[in-house]
Amino acid sequence: MKLDKAAYLSIILAFVGVVLVLAKDLLIPIVLAIFVWFIIREIRMAMRKIKFVRQKMPRWLENVLASLFLFSLFGIIISVVSANVGLLSKRMPLYEENVNQVTMLINETFNIDLLEKIKAYSLNLELANILQTVLNSVTSILGNAFIILIYVLFMLLEEGGFLNKMRAIYPERENMDETLSILNSIDSSVGRYLLLKTLVSFTTGILSFIVLKIIGVDGAFFWAFLIFVLNFIPFIGSLVAILFPTAFALLQFGEFGPAIWVISVIGFIQVLVGNFIEPKIMGNSLNLSPLIVIIALSIWGALWGIIGMIMSVPITVILLILLSRFPKTRPIAILLSEKGKLKEH
């Protein structure tokens with residue numbers, strides 16, 4: 001009997017995996033819209049701390065103002081990033097001229113005969129094409145932004161009649177309260193994580209932008225935005241975020257000095273924010289095992305790429321909350337938790 005259950009579970013998991021891969025173009029905008037909706041709700045709750053907003057402003061106007069603020073910010077960021085990528089594309093021939101200088105510098109400094117290998121690699125690298133791919137990705141995100149906006153709009157409209165639907169689904173008050181409690185837990189945990197992680201990553205991006213601008217690295221806003229995005233990826237994101245502008249600084253200037261400054265100062269910022277500021281702000285609100293975070297990162301990265309890596313933690317938090325509410329799945333939730341203790345709701 002247990003073997004039958006294990007077989008059924010394996011089939012279900014395999015089916016879900018196939019659906020997630022084949023339908024990712026449809027599912028990713030929906031999931032992103034849900035996360036944007038979470039952030040809008042957090043902005044709205046922050047607005048309601050103002051007495052005038054709480055007492056005088058209708059809910060629909062709160063949604064409009066919070067949405068306008070968030071999407072205007074997204075629009076400005078995408079516009080400036082696109083301009084930065086365009087600038088880097090125009091200057092790419094100048095950077096490619098430094099490839100030989102950089103490879104010779106590495107060869108002489110470390111006394112390792114890697115010159116020919118690095119040359120061969122750099123010739124096949126086609127940096128201009130890579131930047132063009134990045135630009136196409138930004139354009140693709142901009143194209144999906146309209147779809148995401150539509151999804152978010154209808155989610156906000158659905159909020160008004162949600163309680164009435166819940167009352168119709170659950171005639172018994174106790175069942176409805178239990179379901180609402182689960183949804184409120186997800187709302188609180190995921191919304192708080194997304195908002196605080198956005199603020200922490202934004203702080204890291206701003207500080208990195210200032211450093212890159214002072215050093216004179218081209219496309220400073222683009223690299224700062226890349227750092228902001230990659231900081232949403234647990235553990236490895238901050239490391240990769242350091243390496244990209246460091247490698248580019250070496251290519252741009254053709255010497256180690258600026259690259260050493262970039263990796264040292266931005267690395268210090270990442271350590272300061274990641275090890276001191278972020279834990280103070282976020283605390284232990286997620287209650288996820290670091291091993292589970294790494295596994296979730298690998299699984300969602302394999303399914304949905306970079307977007308999956310960014311969304312791996314919120315999705316795992318939702319899974320933890322859902323599993324913790326049912327007696328049969330509670331042991332799994334305990335395994336997913338950081339210290340084997342689940343929050344009581």
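Atom set for the values below is all heavy atoms of this structure, side chains included, hydrogens, waters and symmetry mates excluded. Predicted model, so just to flag it, every value in this text is computed and none were measured.
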### Qualifying ring pair (Phe, Tyr, Trp, His ring centres under 6.0 Å) pairs, either residue in residues 291-311, two or more places apart
Trp300-Trp304
### Message
Can you tell me how far apart CD1 (Ile263) and CG (Leu243) are? Round to the nearest 0.5 Å.
### Response
6.0 Å
### Message
Please list all pairs meeting salt bridge (charged side-chain N to carboxylate O under 4.0 Å, His left out) that have one or both residues in residues 308-321, counting only residues at least two apart or in different chains.
### Response
none
### Query
By side-chain hydrogen bond (donor to acceptor under 3.5 Å, both in side chains), which residues pair with Glu62, not counting sequence neighbours?
Arg48
### Query
Can you name the side-chain contact (heavy atoms from CB on, under 4.5 Å) partners of Lys49, sequence neighbours left out?
none
#### Entry: Sequence-distant partners of Ser238, side-chain contact (heavy atoms from CB on, under 4.5 Å), two or more places apart
Asn231, Gln270
#### Entry: Considering all heavy atoms, the nearest Pro234-Val293 contact
CB-CG1, 3.6 Å
### Task
Name all pairs fulfilling the salt bridge (charged side-chain N to carboxylate O under 4.0 Å, His left out) condition that reach into residues 203-231, sequence neighbours left out, sorted by first residue then second.
Arg91-Asp218
### Message
Please check this pair: side chain of Glu158 against backbone of Leu153, looking for a donor-acceptor N/O pair closer than 3.5 Å.
### Response
no
#### Entry: Results of side-chain contact (heavy atoms from CB on, under 4.5 Å) for Ile30 - residues two or more places apart only
Leu26, Ile34, Tyr151
Anything under 3.5 Å between a donor and an acceptor, one on a side chain of residues 63-72, the other on a protein residue two or more places apart or in another chain? List them.
{"unit_1": "Asn63", "atom_1": "OD1", "unit_2": "Arg44", "atom_2": "NH1", "d": "2.4"}
{"unit_1": "Ser67", "atom_1": "OG", "unit_2": "Asn63", "atom_2": "O", "d": "2.7"}
{"unit_1": "Ser72", "atom_1": "OG", "unit_2": "Leu68", "atom_2": "O", "d": "2.6"}

### Message
What I'd like to find out is whether the side chain of Trp261 reaches to under 4.5 Å of the side chain of Ile214, using heavy atoms alone.
### Response
no
Using a 3.5 Å cut-off and no angle test, enumerate the donor-acceptor pairs between side-chain atoms of residues 15-25 and protein atoms at least two apart in sequence or in another chain.
none

### Task
State, yes or no, whether a side-chain contact exists between Pro58 and Leu61 at a heavy-atom distance under 4.5 Å.
yes
### Query
Are Trp223 and Ser208 close enough that some pair of their side-chain heavy atoms sits under 4.5 Å apart?
no
### Task
Apply ring-ring contact (aromatic ring centres under 6.0 Å, His included) to Phe38 and list each qualifying residue two or more places apart in sequence or on a separate chain.
none
#### Entry: Side-chain heavy-atom pair Phe253, Val217 within 4.5 angstrom cut-off
yes
### Query
Looking at residues at least two apart in the chain, or sitting in another chain, which of them share a ring-ring contact (aromatic ring centres under 6.0 Å, His included) with Phe228?
Phe232
#### Entry: Contacts of type side-chain contact (heavy atoms from CB on, under 4.5 Å), residue Ile206, not counting sequence neighbours
Phe202, Ile210
